[in-house]
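What follows is a short report on a single structure.
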Amino acid sequence: MFSSPLGGGVFRIAQEKGLLSFSIYNIRDFTHDRHRTVDDRPFGGGPGMLLKPEPIFEAFEYIKKTNQPWKGGTPIILLSPQGRLFNQQIARDLAQKSALLLICGHYEGVDERVKEHLATDEISIGDYVLSGGELPALVIADAVTRLIPGVLGSEESIKDESFNEGLLEYPQYTRPASYRGWTVPEILLSGNHQEIDRWRRRKSMERTLKHRQDLPKDAGASPEELEKPADNC
Ligand SMILES: C[S@@+](CC[C@H](N)C(=O)[O-])C[C@H]1O[C@@H](n2cnc3c(N)ncnc32)[C@H](O)[C@@H]1O
């Protein structure tokens, strides 16, 4: 689940630049029985199997011992559809940390004691249920990795994109200026950067209002700005 994604894209760049490293731990390596059992039936009955607490706690203790000096403030994040919803602000906060530990659940989930006595945070990547925490871990890792200074070629691309100031990004076009009769908005060809910035900000607001009415609440935009339609649509 991890080797292919971690070997490409931003992950490869970040590792090659020495800005970040990944360690994957298999909780089966922290079991003590012949079958390397990591799951068991839930007390009280019900469908499916739960990940047992012992291999997870023992894996954590091993990670702590082999990653010295252990930084006390390292977030220990349990991936779960019941956690707080992941967003760009959480990605920014996590990008400030020197290390992150992500616990991937599987099957019916994880014994509650992991949440109560080990995890310091519980994060969901959206209101849907996936079969395991591996893809959510990669989603979070990608969003965080690209925010680490030096990973992306241009810091500008991070500054201008969706969710900064609580707005979605404006529409963008590249060459050719006319394709199958569909032309690029004239303002973008004008060379007038002040007007282009104004147009982009208006478009961002218009788009945000149309698709994500929840976002402008914390945007830097004033209510008047948000109500004004964009020129040169
Ligand atoms: C099938 S899910 C378990 C769902 C659980 N029974 C429930 O209803 O909340 C198995 C694992 O996938 C991961 N997972 C599934 N959906 C997720 C989501 N939206 N965000 C983060 N992790 C998720 C979690 O690690 C979870 O323990």
Side-chain angles (χ1 to χ4, degrees), residues 1-11 14 20 22-31 33 35-64 67 73-97 99-148 161-163 166 168 211-215:
M1 291 293 280
F2 291 105
S3 55
S4 171
L6 293 182
V10 280
F11 296 131
L20 165 89
F22 295 95
S23 303
I24 314 296
Y25 299 89
N26 184 349
I27 57 168
R28 282 199 195 280
D29 296 338
F30 300 90
T31 53
D33 65 315
H35 302 291
R36 312 211 314 150
T37 311
V38 292
D39 59 330
D40 209 334
R41 291 189 304 276
F43 281 124
M49 300 291 268
L50 288 177
L51 289 184
K52 290 158 67 62
E54 307 97 305
I56 299 178
F57 277 88
E58 286 186 35
F60 171 67
E61 276 141 24
Y62 173 83
I63 293 166
K64 208 169 153 183
N67 287 274
T74 299
I76 304 169
I77 302 165
L78 177 65
L79 282 328
S80 157
Q82 301 169 27
R84 61 185 179 128
L85 264 189
F86 188 59
N87 61 28
Q88 192 66 12
Q89 186 51 50
I90 298 176
R92 281 187 215 110
D93 295 343
L94 296 180
Q96 305 293 318
K97 307 285 180 185
L100 301 176
L101 211 152
L102 304 171
I103 304 174
C104 304
H106 228 282
Y107 311 123
E108 200 39 43
V110 179
D111 185 288
E112 190 70 11
R113 285 164 289 191
V114 171
K115 178 152 116 183
E116 290 169 349
H117 304 291
L118 179 59
T120 59
D121 199 353
E122 191 182 7
I123 294 182
S124 163
I125 63 155
D127 291 339
Y128 41 80
V129 179
L130 299 166
S131 53
E134 295 86 349
L135 293 174
L138 286 165
V139 165
I140 293 173
D142 185 303
V144 170
T145 299
R146 58 196 303 286
L147 295 178
I148 294 172
E161 66 193 357
S162 293
F163 308 114
L168 300 179
H211 299 292
R212 294 293 305 273
Q213 297 232 344
D214 54 312
L215 286 178

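Because only heavy atoms are used, hydrogens play no part in the values below, and waters and symmetry mates are left out as well, while side chains stay in. Just so you know, ligand 1 is whichever comes first in the structure, and atom 1 is the first atom listed for that ligand. If you're wondering where the values come from, they're calculated on a predicted model, not measured in any experiment.
- Nearest protein neighbour of atom 24 (C) of ligand 1, counting heavy atoms only, is Leu79 O, 3.1 Å.
- If you check which protein heavy atom lies closest to atom 7 (C) of ligand 1, you get Gln82 NE2, 3.7 Å.
- Regarding atom 20 (N) of ligand 1, its nearest protein heavy-atom neighbour is Ile125 N, 3.0 Å.
- Annotation: side chain of Val38 is not in contact with side chain of Ile56 (no heavy-atom distance under 4.5 Å).
- Comparing heavy-atom distances from atom 19 (N) of ligand 1 across Tyr128, Phe86, Tyr107 singles out Tyr128 as nearest.
- Contact annotation: the side chain of Leu79 approaches that of Ile140 to within less than 4.5 Å [non-hydrogen atoms, C-beta and beyond].
- Listed by atom number, the atoms of ligand 1 under 4.0 Å from Val129 heavy atoms are 1 (C), 2 (S), 4 (C), 16 (N).
- Counting heavy atoms from C-beta on, the side chains of Asp142 and Phe11 come closer than 4.5 Å.
- One N or O on the side chain of Ser124 and one on the backbone of Gly126 form a donor-acceptor pair closer than 3.5 Å.
- Looking only at protein heavy atoms, the nearest one to atom 3 (C) of ligand 1 is Glu108 O, 3.5 Å.
- Among all protein heavy atoms, the one lying closest to atom 21 (C) of ligand 1 is Ser80 N, 3.4 Å.
- With a 4.0 Å cut-off on non-hydrogen atoms, Ile123 touches ligand 1 through its backbone and not its side chain.
- Atoms of ligand 1 lying under 4.0 Å from at least one heavy atom of Gly133, given by number and element, are 12 (O), 13 (C), 25 (O).
- Between the side chain of Thr31 and the main chain of Asp33, no donor-acceptor pair closer than 3.5 Å is present.
- For the pair Phe22/Thr145, a side-chain contact is recorded, criterion being any heavy-atom separation below 4.5 Å from C-beta on.
- Atom 2 (S) of ligand 1 has its closest protein heavy atom at Leu130 O, 3.2 Å.
- Counting heavy atoms from C-beta on, the side chains of Leu118 and Arg113 never come closer than 4.5 Å.
- Between Lys115 and Glu112 there is a salt bridge, since at least one side-chain N of the basic residue sits less than 4.0 Å from a carboxylate O of the acidic one.
- Nearest to atom 27 (O) of ligand 1 among the protein's heavy atoms is Gly105 CA, 3.4 Å.
- Among Pro47, Gly132, Cys104, the residue whose heavy atom lies nearest to atom 12 (O) of ligand 1 is Gly132.
- Taking a cut-off of under 4.0 Å to the non-hydrogen atoms of Pro136, the atoms of ligand 1 that pass are 21 (C), 22 (N), 23 (C).
- The distance from ligand 1 to the heavy atoms of Gly109 drops below 4.0 Å at these ligand atoms: 27 (O).
- In this structure, Tyr62 and Phe30 have tilted ring planes: the angle between them lies in the 30° to 60° band.
- By the 4.5 Å heavy-atom criterion applied to side chains, Leu20 and Val144 are not counted as neighbours.
- Residue Gly126 places at least one N or O, backbone or side chain, under 3.5 Å from an N or O of ligand 1.
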